[in-house]
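Position 1 is the first residue of the sequence; numbering continues from there.
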Amino acid sequence: QVQLVESGGGLVQAGGSLSVSCVASGRTLNNYAMGWFRQAPGKEREFVATISRSGSIQGYADSVKGRFTISRDNAKNTVYLQMNSLKTEDTAVYYCAATGRTTTSMRSGFYEYWGQGTQVTVSS
């Protein structure tokens with residue numbers, strides 16, 4: 001019912017900024033809470049940020065608070081993750097996720113739909 005495609009990843013220097021996007025197809029995002037997760041080589045997938053269906057509520061992992069901002073534009077079926085003051089430890093594949101449930105969550109198992117991921121590499 002929902003297909004998610006991430007884009008915008010790339011190579012940036014530490015201290016720089018990058019924005020990644022997630023575009024949905026098959027159905028509009030109006031009724032879906034969204035999340036961003038990331039996975040570095042040799043590590044488990046971890047929560048990054050989440051946003052409610054209307055966009056009025058956002059949540060962040062402690063490691064990215066004050067640096068990352070999640071937002072959405074339901075008219076464009078798109079969710080964004082603006083990443084500022086990037087650190088080398090932010091290097092990972094970033095995944096977009098969607099759920100038809102009524103609340104947001106930090107748990108990956110909460111989300112039914114996942115994108116293919118986009119690589120973000122932060123150099124020292």
According to a 4.5 Å side-chain heavy-atom criterion applied to Ile, Leu, Val, Met, Phe, Trp and Tyr, with indirect links allowed, do [X] and [Y] form part of one hydrophobic cluster?
{"X": "Val93", "Y": "Val48", "answer": "no"}
{"X": "Val12", "Y": "Tyr94", "answer": "yes"}
{"X": "Val79", "Y": "Tyr95", "answer": "no"}
{"X": "Phe37", "Y": "Met34", "answer": "no"}
{"X": "Leu86", "Y": "Ile70", "answer": "yes"}

Quick one: pull up [atom1] in [X] and [atom2] in [Y] and give me the separation to the nearest 0.5 Å.
{"X": "Tyr113", "Y": "Thr99", "atom1": "OH", "atom2": "OG1", "answer": "8.5 Å"}
{"X": "Ser56", "Y": "Ile51", "atom1": "OG", "atom2": "CD1", "answer": "8.0 Å"}
{"X": "Gln119", "Y": "Thr91", "atom1": "CD", "atom2": "OG1", "answer": "7.5 Å"}
{"X": "Phe68", "Y": "Trp36", "atom1": "CZ", "atom2": "CH2", "answer": "11.0 Å"}
{"X": "Gln58", "Y": "Arg72", "atom1": "CD", "atom2": "CZ", "answer": "10.5 Å"}
{"X": "Ser108", "Y": "Glu44", "atom1": "OG", "atom2": "CD", "answer": "10.0 Å"}

Heavy-atom pair with the smallest gap, counting every atom of [X] and [Y]:
{"X": "Val5", "Y": "Gln116", "answer": "CA-OE1, 3.5 Å"}
{"X": "Ala40", "Y": "Ala92", "answer": "N-CB, 3.8 Å"}
{"X": "Ala24", "Y": "Val2", "answer": "CB-CG1, 4.3 Å"}
{"X": "Ala49", "Y": "Tyr60", "answer": "CB-CD2, 3.7 Å"}
{"X": "Gln82", "Y": "Ser17", "answer": "NE2-CB, 4.0 Å"}
{"X": "Arg38", "Y": "Val64", "answer": "NH1-CG1, 4.0 Å"}

Trp114 and Arg45: CA distance, side-chain angles, deciding distance, side chain to side chain contact (heavy atoms under 4.5 Å, CB included) verdict: CA-CA 13 Å; Trp114 293 83; Arg45 186 170 298 185; 3.3 Å; yes
Should we say atom CD1 of Ile57 is surrounded by more than 12 heavy atoms from elsewhere, each under 6.0 Å from it?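 No, CD1 of Ile57 has 12 or fewer neighbouring heavy atoms, counting only those of other groups under 6.0 Å.
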More than 12 heavy atoms of other residues, nucleotides or ligands under 6.0 Å from CD of Gln13: yes or no?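 Counting neighbours around CD of Gln13, 12 or fewer heavy atoms of other residues, nucleotides or ligands fall under 6.0 Å, so no.
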Mind jotting down which residue pairs meet the salt bridge (charged side-chain N to carboxylate O under 4.0 Å, His left out) criterion with at least one end in residues 101-119? Sequence neighbours excluded, please.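 Pairs touching residues 101-119 that pass the test: none.
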State, yes or no, whether a side-chain contact exists between Ser21 and Lys76 at a heavy-atom distance under 4.5 Å. no
Is there side-chain contact between Val20 and Met83, with heavy atoms separated by less than 4.5 Å?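 Contact flag for Val20/Met83 side chains = yes.
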Given Ser7 and Thr118, is the side chain to side chain contact (heavy atoms under 4.5 Å, CB included) satisfied, shown in steps? CA-CA 6 Å; Ser7 63; Thr118 186; 5.6 Å; no
Applying salt bridge (Lys or Arg N to Asp or Glu O under 4.0 Å), name anything that partners Arg67, two or more places apart in sequence or on another chain.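 Listed in chain order: Asp90.
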Could you tell me whether the side chain of Tyr111 and the main chain of Ser105 form a donor-acceptor pair under 3.5 Å?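 Between the backbone of Ser105 and the side chain of Tyr111 there is a qualifying donor-acceptor contact (under 3.5 Å).
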